[in-house]
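What you see is a predicted model, and the numbers here were worked out from it, not measured in a lab. First listed ligand is number 1; within each ligand, the first listed atom is number 1. All values below come from the heavy atoms of this structure, side chains included, with hydrogens, waters and symmetry mates left out.
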Amino acid sequence: MFYGFHSVAHLMSMTSEQISSSRAQLHGKVQQIVQSTPALDMHTHLYDPVFGDLLLYGIDEQLIYHYLVAEAFRSTDMPYEKFWQLDKQEQADHVWKTLFMDRSPLSEACRGVLTSLNKLGLETGANQLPAIRQWFREQPLESFVSQCMDLANLRAICMTNSPFDPQEKNVWDQNPTRDERFLTGLRLDPLLLDWNDAGKHLKSWGYEVDENLSDSSCQEIIRFLNDWKQKINPLYLMVSLPPTFSYPANDTTTKILKEAVIPFCRDSGLPLALMIGVKRAVNPSLQLAGDGLGRADLVALESLCAENQDVKFLCTVLSRENQQELCVIGRKFRNLHIFGCWWFTNIPSIIEEMTRLRLELLGTSFTAQHSDARVLDQVIYKWNHSRQIMIDLLTDKYTHLSQTGWPLTDQAIQRDVNNLLGAGFEEFCR
Ligand code: HDL
Ligand code: ZN
């Protein structure tokens with residue numbers, strides 16, 4: 001079916017009512033396609049249920065999500081230590097009272113809790129917490145995983161897998177039977193950002209490495225990466241980097257990137273995901289909620305992409321101010337694939353701005369979103385909220401396209417949405 005206007009003359013001949021009904025028709029089609037197209041969630045902190053209590057779910061985990069903890073501390077004079085001594089339910093009660101009872105839950109993280117509960121068919125309101133808790137207690141995990149993935153319309157969830165997490169490593173060492181809906185991403189932060197500590201771990205695991213990062217050490221790091229590639233079959237390697245990240249630099253990060261990680265990516269064909277702009281522990285008293293952001297100097301990314309045009313890079317950046325630069329670097333280097341609205345950019349006002357910018361500078365050659373979910377239930381709200389924004393944005397862009405007389409079809413819209421929701425990422429990784 002064609003949408004809109006077949007020529008300027010046709011457009012000129014249409015009444016304003018006809019134009020708006022044509023837009024409404026287009027909006028309806030875009031909505032149907034975006035809502036019905038399963039997405040690949042390419043970055044989360046969720047786990048295959050085989051990893052046990054590493055997979056977080058349920059209302060208390062949602063309420064003590066570090067986004068909400070940070071917001072709750074703004075409106076309480078409770079000492080940090082007192083809060084951290086509470087058990088999870090007591091922490092959740094405090095957050096519920098502070099952010100939902102004592103004030104309207106208007107923030108994106110608060111709204112998200114309510115969207116997820118609402119889509120699960122649960123009543124929300126002042127005294128609903130006990131009933132909501134009871135409902136979650138009654139959910140078998142296996143069916144709840146499917147229910148959340150269905151409500152978020154996800155076909156796969158990519159985990160963040162760290163060899164340096166002892167609880168997770170123990171499970172991998174038992175060669176677990178996996179849920180194939182959960183894909184893997186090999187997380188390298190300790191290796192690239194804290195070689196002193198990471199080197200000790202590698203040594204204890206039988207890799208002949210030294211703190212001076214000799215050539216033989218770098219070969220051993222490559223052997224370590226190959227071993228984990230065999231063990232977990234990752235879609236990509238990943239590292240989060242501070243806004244001060246520079247490359248090349250006279251530091252261990254550059255040395256390990258240059259001598260180990262990039263050669264490994266070149267040989268294996270696996271992309272390296274760079275998540276740039278996080279300032280860790282700006283307020284350590286907030287624990288996981290204590291990280292901040294900074295505007296990064298993306299010359300480092302430009303250098304990496306320019307020096308290694310036979311290596312694939314994925315990138316998302318934390319600062320709103322870096323977004324246009326990132327898109328322009330993406331225009332210069334086809335070995336760079338831009339993805340998602342990460343963390344502090346994952347709010348409607350910035351998702352809208354960033355995704356519009358990306359469509360205007362990159363067409364559909366990027367991945368629109370990832371959830372970054374830490375609690376399984378969150379995928380419901382994170383994907384519902386983002387899809388709403390995508391629908392309105394794409395309707396705008398397809399309207400502009402139609403106004404040129406371009407014959408837009410359902411098939412073209414479906415192809416584009418497939419691309420933006422994971423097929424483009426999979427194509428890039430192949
Ligand atoms: O480094 C990361 O992958 C970030 O996403 C952090 O995990 C952060 O705490 C987070 O969950 N953001 O959404
Ligand atoms: Zn993350």
Side-chain angles (χ1 to χ4, degrees), residues 40-47 51 54-57 61-73 107-113 116 152 154 157-165 167-168 182-194 198 234-245 253 271-294 296 314-320 322 338-348 350-351 354 367 369-383 385-386 425:
L40 187 162
D41 195 344
M42 65 168 280
H43 171 55
T44 78
H45 298 274
L46 301 175
Y47 288 87
F51 287 89
L54 281 172
L55 172 60
L56 304 178
Y57 66 97
E61 293 295 353
Q62 282 203 62
L63 289 171
I64 63 172
Y65 182 40
H66 66 76
Y67 291 30
L68 290 159
V69 169
E71 291 169 29
F73 266 113
S107 75
E108 180 62 4
C110 287
R111 171 195 173 214
V113 172
S116 292
L154 295 180
I157 287 174
C158 192
M159 301 184 277
T160 296
N161 302 106
S162 173
F164 302 93
D165 174 338
Q167 187 179 349
E168 176 178 1
F182 287 81
L183 309 174
T184 50
L186 182 58
R187 188 68 178 245
L188 299 176
D189 290 37
L191 183 74
L192 284 165
L193 301 175
D194 185 2
L235 287 180
Y236 57 88
L237 280 61
M238 61 197 298
V239 61
S240 70
L241 295 162
T244 52
F245 169 61
T253 303
L272 174 62
L274 304 166
M275 304 167 72
I276 308 173
V278 51
K279 254 192 231 168
R280 295 292 179 191
V282 168
N283 179 355
S285 303
L286 284 173
Q287 297 186 9
L288 201 52
D291 298 335
L293 73 77
L314 299 159
C315 187
T316 195
V317 293
L318 201 45
S319 165
R320 176 188 181 200
N322 277 138
I338 291 160
F339 72 95
C341 304
W342 183 30
W343 202 344
F344 300 112
T345 66
N346 200 3
I347 52 175
I350 298 182
I351 294 169
M354 284 170 64
T367 295
Q369 189 56 292
H370 67 272
S371 71
D372 223 343
R374 281 181 174 275
V375 182
L376 179 61
D377 333 1
Q378 292 173 336
V379 295
I380 299 170
Y381 89 81
K382 286 174 182 262
W383 281 100
H385 292 180
S386 291
F425 162 71

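Checking side-chain atoms of S371 against main-chain N and O of K382 turns up no donor-acceptor pair under 3.5 Å. Here the side chain of E168 pairs a donor or acceptor atom with the backbone of S162 at under 3.5 angstrom. With hydrogens and angles ignored, the 3.5 Å screen pairs no side-chain donor or acceptor of T345 with any backbone N or O of R320. For the pair D372 (side chain) and T44 (backbone), a donor-acceptor distance under 3.5 Å is absent.
For atom 9 (O) of ligand 1, the closest non-hydrogen atom on the protein side is H66 NE2, 2.9 Å. Among protein heavy atoms, the minimum distance from atom 4 (C) of ligand 1 is reached at W342 NE1, 3.5 Å. Nearest non-hydrogen protein atom to atom 13 (O) of ligand 1 is Y67 OH, 2.3 Å. Here the protein heavy atom with the shortest distance to atom 7 (O) of ligand 1 is R374 NH2, 2.6 Å.
To the nearest 0.5 Å, atom CE of residue M42 and atom OG1 of residue T367 are 5.5 Å apart. Interatomic distance, OG of S240 versus CG of L188, reported as 10.5 Å (0.5 Å rounding).
Using cut-offs of 30° and 60° on the angle between ring planes, the pair H43 and H45 is perpendicular. Taking the six-membered ring where tryptophan is involved, the planes of W343 and H66 are perpendicular, since the angle between them exceeds 60° and thus also 30°.
Take the Zn ion (ligand 2) and draw a sphere of radius 2.8 Å; the protein N/O/S atoms inside it number 3.
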Checklist entry - Under the side-chain contact (heavy atoms from CB on, under 4.5 Å) criterion, do V239 and L274 qualify, and how do the steps go? => result CA-CA 5 Å; V239 61; L274 304 166; 3.8 Å; yes
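The closest approach between a heavy atom of M238 and any atom of ligand 1 is not below 4.0 Å. Within the 4.0 Å heavy-atom shell around ligand 1 one does not find K382.
By the 3.5 Å distance cut-off applied to N or O atoms, H45 is counted among the residues near ligand 1.
Atoms of ligand 1 lying under 4.0 Å from at least one heavy atom of R187, given by number and element, are 1 (O), 2 (C), 3 (O). Below 4.0 Å from some heavy atom of H43 lie the following atoms of ligand 1, by number and element: 3 (O), 5 (O). Close approach of ligand 1 to M275 is summarised as follows: ligand atoms under 4.0 Å from at least one heavy atom of the residue are 3 (O). Ligand-side atoms of ligand 1 in range of D372: 5 (O), 12 (N), 13 (O), range being under 4.0 angstrom from any heavy atom.
Annotation: Y57, atom OH; neighbour count of heavy atoms from other residues, nucleotides and ligands within 6.0 Å does not exceed 12.
With 3.5 Å as the limit, one finds a donor-acceptor pair spanning the side chains of Q369 and N346. Under 3.5 Å, the side chains of N161 and T184 contain no donor-acceptor pair of N or O atoms.
Counting heavy atoms closer than 4.0 Å to ligand 1, residue H370 contributes nothing at all.
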